[in-house]
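Remarks on the structure that follows.
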Amino acid sequence: MKGNKGGIIDRLLTYIRTENGMLSVDAESIVATQIKDFLDEIPGGFFIYDAAEGEKILYANKALLHIFKCETFQEFLELTNGSFRGIVHPDDLDEVEKSIQEQIAQSQDDLDFVEYRIICKDKSIRLVEDYGHFAHTEAGDIFYVFISDATEKINQRLQERLQRLEIIEGLSVNYDSILYFDLDSDTVLPYRLSSRMKEHFSAKWEVRKYNELIKDYIAAWVHPDDRASVTESLATDYMCKVLKDTPTYYFNYRCIQNGETVHLQLRIVNVSKQDRASKFVLGFRRIDDEILREIKQKQILEDALKASRLAAVAKNAFLANMSHDMRTPLNAIFGFAELARKSLSNKQDIGYYLDRIDDAGKQILDLTAQVLAISDAKTQDFVVQKAACDLKELMNEVFEATRSEAVKKNLDVTLNLDALQHSAVIADCDKIKEILHVLTGNALKYNKKNGKIELSVTEKQQDRSIYTYSFVVKDTGIGIGSDALERIFEPFEREKDTTESGISGAGLGLTLARHNAGLLGGNIRVESAKGAGSTFTFAVDLKLADEVETADGEVQADSLSALNILLVEDNEINMEIAVEILGDAGFHIDTAENGQIAVEKIKNSPENKYDIVLMDIQMPVMDGRQATASIRALGGKRAEIPVIALSANALERDKQLSLACGMNAHLTKPIDVELIKKTIAEILTRRKG
Ligand code: ADP
């Protein structure tokens, strides 16, 4: 400890002592008086007290008396009991004395600094800052102290600190756990603890080692799938690297608590001074609904993006397929036409070439029909027709059609109807046939050499008159990989293998078939494995027909040849072809170039001159629908002449419009004589019944 011999303080102390005795006038005393006067005038408080027990106050300047609201030194001594212990507020005393002792012991210059409360003469409480100095003097060990009233300053500081704490509290309300991590000392101090985190701190202010704590926490709570990423995001190297450039980062993860998944977010904030990254606050909070919604929203967007990318891929594949599928039959048509031209003298060859041209034309027709039907299915509601339908007959028809194709490919087709006990039902026969046509068509297309196709139907009673019918088309073909099983029902989707194998198709058949099955209230399932064949099952609930229509009333298609037909068609070439084909089939044909001429002809002829009208739709002067409406308005037998639309418009909507204006049926071009005959037979049968 430093001495202060001969210094200002010594002189002052000497002066203080002699002042109480007789006044001395020596030079030394004069200097001491000047020192005292000077100290009395300085603005801050100053006092000296004995370091020995009792801590007796030896001197106090005027400014100090003023701080304690005392008029005289005497008053001040009475207030403080003449001791330093009486200066300090009783509640702060122990801490202040301890602090002074510690500081003096550690300080080379014997200095200390303490803050404490004092009780003034008027009972008011003030806060003071106390800069003390311990000194050895001739008169013994003393403390001399500079004091200033810091009430306002400290209050303001406390206020700010309080506000800051409140702000922190406010901002952190959502955080269940808040930890303070000091990288330098590798310690984690808890500020707030969730029920989960509490289990890792035995005492409230327990300090833990960071790496151990994080390891324990992850093992105890974090979802197994998130453990690796959480470990990585909390590695100190990673934290320092990220927080060098940005003050904060966060990540989401899942915990398992009581068997339930909890979504959490951990935010890490760099609270280090300057440019360092060594002190961090870790805030853990449950992710509220909003963020969960955000995550879901993001997922939806990602899915939509994926779907639109897939849709674009599917569309491109479709266009490529279409272009390929159109080109192949078109090439065949041009090629065989060229060959036919070169073989005009050889009837047999020409016949063969024309058959091939026919096949190719049919392929294009099928494709166009499918594309139309798909676009139609997307925009229109089909009207399901309900009529008596014999499933045995229907299956035989499908079987025959399949077999005739199968022969060309050396495939074996069988039909098993043993389980079909109730075959007379009310159903949309055409739609069922369309569906089975797609399934058998695929069984033919995707079969292997010498393969088999088995057709069968089973039934299961649901209600008194409702049965579930399962139409099964089983093949021994190339099969479908499990990844493609659902996809093949999507528009334009084809399994990669079949696209690569060069089997033509637009990828629309099953889409349509499933759509139609849905319209009928049924569904299509598939079981298949690559290389192991496929089984498609179309199941639908159908009502039994009350009475089976007897064959007696039926008009046979073969007995129609002598009928008189009025053919209404504006296109010359179409007219020529139609007259030729229908004439060949034995019909008597009269023609009209537009609707108006047709109506006039019917009006001006004997009332049963025409048995049937075949009516084009789009025509100049009067179109087919207007003409039909006019015919229906004629009155008498003429108004009842069956009218069949024969149109290039193949959409379901067109069919509905035709029926709505009074037509009996709607057929599409090109002309199919057999279908015309069949349709006429059906119409006439209905008339009879
Ligand atoms: P397309 O036959 O015109 O491609 P579909 O919609 O009828 O269109 O069929 C979609 C895809 O499903 C086919 O391209 C094929 O990959 C697969 N597929 C359908 N039926 C079968 C089957 N019986 N055997 C193997 N693959 C099939």
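This one's a predicted model, so the numbers in the text were calculated from it and none came from an experiment. Ligands are counted one by one from 1 in listed order, and the atoms in each one are counted from 1 as well.
Numbered from 1 in the order shown, with element, the atoms of ligand 1 that lie under 4.0 Å from a heavy atom of G509 read 5 (P), 6 (O), 7 (O), 8 (O). Each of the following atoms of ligand 1 lies closer than 4.0 Å to a heavy atom of F536: 20 (N), 21 (C), 22 (C), 23 (N). Listed by atom number, the atoms of ligand 1 under 4.0 Å from I488 heavy atoms are 6 (O), 10 (C), 11 (C), 12 (O), 17 (C). Within ligand 1, counting atoms from 1 as listed, the ones closer than 4.0 Å to a heavy atom of D475 are 22 (C), 23 (N). Residue contact check: K445 has heavy atoms under 4.0 Å from atoms 1 (P), 2 (O), 3 (O) of ligand 1. Ligand-side atoms of ligand 1 in range of G479: 25 (C), range being under 4.0 angstrom from any heavy atom.
At a 3.5 angstrom cut-off on N or O pairs, L510 counts as close to ligand 1.
At most 12 heavy atoms of other shown residues, nucleotides or ligands fall within 6.0 angstrom of atom CD in E576. Counting non-hydrogen atoms of other residues, nucleotides and ligands closer than 6.0 Å to NE2 of H223 gives a total above 12.
Residues R487 and E490 are not paired through a salt bridge, judged by the lack of any N-O separation under 4.0 Å between the basic side chain and the carboxylate. Salt bridge absent: K452 and D412 never bring a charged side-chain N and a carboxylate O closer than 4.0 Å.
Residues L563 and I680 have side chains in contact (heavy-atom distance under 4.5 Å, counting atoms from C-beta outward).
Of all the heavy atoms of I480, the ones lying under 4.0 Å from any atom of ligand 1 belong exclusively to the side chain.
Using cut-offs of 30° and 60° on the angle between ring planes, the pair F538 and F471 is parallel.
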